[in-house]
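Each residue takes its place number in the sequence, starting with 1. Everything numeric in this text was worked out from a predicted model, so none of it was measured.
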Amino acid sequence: MLACYQMNTLNFLRALSNPGETDANSNHRRTRSDRRGAGQNTRGRMCSPIPTAYSPLGRVAAFTILIIGLCIEPIYSSEQTIAPKPVASVETGGLATLEISSSATPPEWALWQRHLLKELYPAALEFVRKYTRRDGTLIWRKEWPGMDGSDDGYESFYNFALYYALGGPDEMNELSHKLWDAVTRQFTRYGQIYHEFDAYYDWMHHGESYVYFYFFGLADPANRKDQQRAKRFAGLYMGEDRDAPNYDSGLKLIRSPITGSRGPRFVNSAEDWVTHREVLADYPLPYDDIPNVTESKAWIDDAKFPFILQTMNERMMRGDVPLNLTASSMVLHAFMYDGDPKYERWIEGYVSAWMERVRQNNGILPDNVGLGGKIGEHMNGKWWGGYYGWRWPHGLFNQIESTLIGAANAYLATGIPKFLELPRSVIKLVQSKGRMENGQFRVPNRYDDRGWYDLRPVRPEYLIHLWCISQDPQDYDRIGQMANVSTWDKLQYRKGKGDFGHEGPWLRFLEAKFPNYPEEILKATYGETLRRLQVIRADNSTPEKRNVHHWQERNPVVLESLVQTMLGGPNHIYHGGLLHTRLRYFDPVRKRPGIPPDVAALVDQIKPDGCSVVLVNLHPSEARSVIVQAGAFGEHQFVNVRSPGRSVEVNRRFFEVQLRPGAVGRLELTMNRYVNPPSYALPWRE
């Protein structure tokens with residue numbers, strides 16, 4: 001059962017939040033149009049009463065004295081007025097407004113959240129100054145061959161715009177755009193980029209590149225250049241660019257696993273793979289029957305590699321693969337700028353086509369569809385063996401991830417939950433083939449002529465992503481059935497390539513089984529920032545000898561903790577997923593995205609018909625105002641907001657909160673989910 005979280009310094013909040021009051025509103029789905037009326041409502045787990053406080057006030061008070069100066073500018077004027085300054089809010093079209101006036105010592109998580117929002121900026125600047133020129137290009141070599149590489153350039157700074165959108169300094173918006181343009185120019189010279197988009201590559205790597213681009217919509221939706229690029233890039237996959245015929249609109253298929261601004265790449269060259277051969281020598285071979293090849297070391301054998309390349313060209317490079325579902329993020333990104341229904345129709349049609357292929361294949365996701373639309377068309381009828389498919393190179397990981405991204409985008413665009421059956425079909429399939437081994441549930445990760453094999457634990461972050469979106473009790477139960485939840489009561493922080501991996505402990509926090517998680521994850525991510533700065537300062541490498549992953553391994557902007565605590569959701573899926581969160585914030589005074597100065601937010605409960613959030617104003621003498629949005633893209637609709645002794649009807653995707661000096665308060669938010677078309681529209685431009 002989900003439960004609420006009691007802030008560890010504020011005993012009085014327990015009484016004020018009315019734990020015995022039950023919300024009678026169920027999350028009945030509102031259809032956006034008659035066509036969407038087929039979408040059925042989903043229900044999840046209700047919240048149990050708030051637990052008692054569990055840590056003494058004195059510990060946090062001492063911590064407050066230690067670092068509060070880092071979060072609030074000192075007041076030097078001897079003429080400081082005692083009366084709080086009024087909040088000068090912009091016109092927001094009569095938003096419902098609620099005031100929080102109760103003050104208290106700020107909780108520890110709030111201090112760490114503000115500290116992180118402040119100190120990531122100098123860390124980012126140090127990183128940029130170390131590794132880029134004045135024009136923003138990477139200090140690196142003059143040439144870089146192959147089709148790989150531009151994704152790594154973009155990944156080096158991919159979350160800078162998200163940092164700004166969360167509440168980072170204004171300068172981060174301009175810096176993130178400058179660096180994106182610089183990477184685009186640099187890798188155009190190298191040959192990987194053409195017309196500002198990857199010339200050709202797969203959508204796992206496109207996804208890594210373009211999450212950077214997607215965050216521009218959250219950061220600066222009025223930027224005309226970004227809008228134009230988004231529409232042009234989406235058009236590459238909608239049959240709108242004659243020079244890049246990536247999409248077959250009749251059969252609803254993307255025509256190759258390798259696509260881009262130069263169109264589908266049906267035949268790969270040796271040069272295309274030159275930078276990847278050594279890496280792939282550590283993976284299983286694509287097939288067991290490649291002529292003259294018996295082991296993966298053939299990737300780095302110049303005499304044998306041509307046989308691998310020829311076989312891949314014959315079997316893999318023509319037709320569609322599940323990995324291409326990730327292209328739906330680019331189309332949805334364009335949709336959220338202006339709401340043109342053609343983008344929604346494309347997403348619905350393409351994801352539906354993959355659902356139909358699963359149905360045709362007896363409930364199993366096929367990993368290859370030929371140019372004629374037939375499953376196994378270029379694989380002698382076999383439904384497995386496609387590029388990034390069930391056998392090669394990663395197996396299950398790509399099948400879950402791509403179907404989850406595509407289905408979540410379709411649900412976001414249409415409001416119809418049936419699309420979530422696509423990733424469920426993959427998860428249920430491997431669950432039915434799995435078994436317990438040494439106290440851990442393992443599922444097959446690969447399939448070929450020998451059947452299902454390569455048993456491993458499932459990656460729980462995808463199970464949690466699915467449940468957060470669906471709020472379906474069966475999805476929740478599946479987490480406990482397939483994952484080792486007993487390991488989530490303690491944070492074992494590890495930062496990999498992406499900025500995720502701690503969804504399990506976060507879920508335990510929502511269940512009131514890991515109450516100190518917000519403080520611990522915020523501290524851990526800041527510690528990772530410090531560690532990366534040490535690596536940067538000790539780096540004496542020669543630019544010409546740096547690996548293409550050199551900078552992404554050192555980027556000190558680490559945001560997982562901010563996304564989880566502030567927005568109430570897991571961070572985005574790294575290979576091209578969008579954010580799916582309960583809330584987002586705007587500053588009505590500075591008229592920009594992000595949490596206002598001195599304000600902290602903690603989503604401590606999520607449920608099918610809403611969530612709860614604790615808002616804090618750390619400034620002792622000035623009021624603050626914040627606009628709260630339902631969903632990362634306004635896809636949800638607030639019904640009402642309740643604070644102790646007051647209930648306000650909202651019936652919009654936004655409402656405003658006035659925070660008195662030093663205010664701390666908890667709000668219960670009731671909402672209808674996925675009832676609004678997702679949009680980047682700002683509250684004052686809705």
Tell me the closest heavy-atom pair linking Leu138 and Gly153, and the distance in Å. CD1-CA, 4.2 Å
Do the side chain of Thr184 and the main chain of Trp180 share a donor and acceptor less than 3.5 angstrom apart? yes
Under 3.5 Å, is there a donor-acceptor pair linking the side chains of Ser625 and Glu656? yes
Closest approach of Gln629 to Ala681 (non-hydrogen atoms, all atoms of both residues): OE1-O, 4.2 Å
Any donor-acceptor N/O pair, Tyr163 side chain to Tyr121 backbone, under 3.5 Å: yes
Could you go through His115 and Trp112, starting from their C-alpha distance and side-chain angles, then the distance that decides it, and tell me whether this counts as ring pair (Phe, Tyr, Trp, His ring centres under 6.0 Å)? CA-CA 5 Å; His115 182 64; Trp112 273 106; 5.5 Å; yes
Measure from the side-chain N and O atoms of Tyr585 to the backbone N and O of Met566, and report whether any donor-acceptor pair falls under 3.5 Å. yes
Short question: side chain of Glu503, backbone of Gly501 - any donor-acceptor pair under 3.5 Å? yes
Salt-bridge present (Glu511, Arg508; N to O < 4.0 Å): yes
The salt bridge (Lys or Arg N to Asp or Glu O under 4.0 Å) partners of Glu461 (sequence neighbours excluded) come to Arg459
Before you tell me yes or no, could you show the steps for Gln471 and Arg673 under side chain to side chain contact (heavy atoms under 4.5 Å, CB included), namely the whole-Å CA-CA distance, both residues' side-chain angles and the distance that decides it to 0.1 Å? CA-CA 10 Å; Gln471 290 292 275; Arg673 298 188 309 120; 3.5 Å; yes
Worked verdict on Phe638 versus Phe655 for ring pair (Phe, Tyr, Trp, His ring centres under 6.0 Å): CA-CA 8 Å; Phe638 290 120; Phe655 71 91; 4.9 Å; yes
Using only atom types and a distance under 3.5 Å, with no angle test, would you say the side chain of Arg642 pairs donor to acceptor with the backbone of Leu667? no
Residues in side-chain hydrogen bond (donor to acceptor under 3.5 Å, both in side chains) with Ser329, at least two apart? Asn409
Can you tell me if Ser612 and Arg666 form a side-chain donor-acceptor pair at under 3.5 Å? yes
More than 12 heavy atoms of other residues, nucleotides or ligands under 6.0 Å from NZ of Lys490: is that the case? no
Does a side-chain heavy-atom distance below 4.5 Å link Pro593 with Leu682? yes
Does Val616 reach the side chain of Pro107, with side-chain heavy atoms less than 4.5 Å apart? yes
Any side-chain donor near an acceptor of the partner, Asn159 and Asn555, under 3.5 Å: yes
Give a yes or no on whether a salt bridge exists between Arg229 and Asp181, defined as a side-chain N under 4.0 angstrom from a carboxylate O. yes
Looking at Tyr214 and Met330, would you say the former's side chain and the latter's main chain have a donor-acceptor pair under 3.5 Å? yes
Provide the full list of salt bridge (Lys or Arg N to Asp or Glu O under 4.0 Å) pairs with a residue in residues 153-179, sequence neighbours left out, each pair given once. Glu155-Lys497, Asp170-Arg590, Asp170-Arg592
List the steps and the verdict of ring pair (Phe, Tyr, Trp, His ring centres under 6.0 Å) for Tyr574 and Tyr158. CA-CA 10 Å; Tyr574 185 71; Tyr158 80 100; 5.4 Å; yes
I want to check something: taking the side chain as every heavy atom from C-beta on, are Asp499 and Val557 in contact at a cut-off of under 4.5 Å? no
Over 60° means perpendicular and under 30° means parallel, so tell me whether Tyr674 and Tyr411 are parallel, tilted or perpendicular. parallel
Could you list the residues that satisfy salt bridge (Lys or Arg N to Asp or Glu O under 4.0 Å) with Arg554, not counting sequence neighbours? Asp539
Leu120 side chain reached by Leu559 side chain, heavy atoms, under 4.5 Å: yes
Taking only residues two or more places apart in sequence or in another chain, which ones pass salt bridge (Lys or Arg N to Asp or Glu O under 4.0 Å) with Arg537? Glu126
Considering all heavy atoms, the nearest Asp220-Asp226 contact: O-OD2, 4.5 Å
Side-chain heavy-atom pair Val603, Val613 within 4.5 angstrom cut-off: yes
Side-chain contact, heavy-atom cut-off 4.5 Å: Tyr517 with Leu491? yes
Could you tell me whether Lys523 and Glu108 have a side-chain N and a carboxylate O separated by less than 4.0 Å? yes
Search all heavy atoms of Leu98 against all heavy atoms of Ser643 and return the closest pair with its distance. CD1-OG, 3.8 Å
Donor-acceptor contact present, side-chain His572 to main-chain Phe500, <3.5 Å: no
Within the side chain of Thr132, is there an N or O that forms a donor-acceptor pair under 3.5 Å with the backbone of Arg129? no
Below 4.5 Å, heavy atoms only, C-beta onward: do Phe586 and Val628 meet side chain to side chain? no
At their closest point, which heavy atom of Leu218 faces which heavy atom of Pro221, and how far apart are they? O-CD, 4.4 Å
Check: Arg660 main-chain N/O paired with Asn617 side-chain donor or acceptor under 3.5 Å: yes
Determine whether Thr525 and Glu560 satisfy the following criterion, side-chain hydrogen bond (donor to acceptor under 3.5 Å, both in side chains), listing intermediate values before the conclusion. CA-CA 8 Å; Thr525 52; Glu560 182 184 17; over 6 Å; no
Quick one: are Phe127 and Trp551 in side-chain contact, heavy atoms under 4.5 Å? yes
Any donor and acceptor pair, going by atom type alone, linking the side chain of Arg114 with main-chain N or O of Leu618 inside 3.5 Å? no
Determine the interplanar angle of the His177 and Phe216 rings, folded into 0 to 90°, and report it as parallel if under 30°, tilted if 30 to 60°, perpendicular if over 60°. parallel
Set of side-chain hydrogen bond (donor to acceptor under 3.5 Å, both in side chains) partners for Glu528, sequence neighbours left out: Arg531, Arg532
Side chains of Gln113 and Thr565: any donor to acceptor distance under 3.5 Å? yes
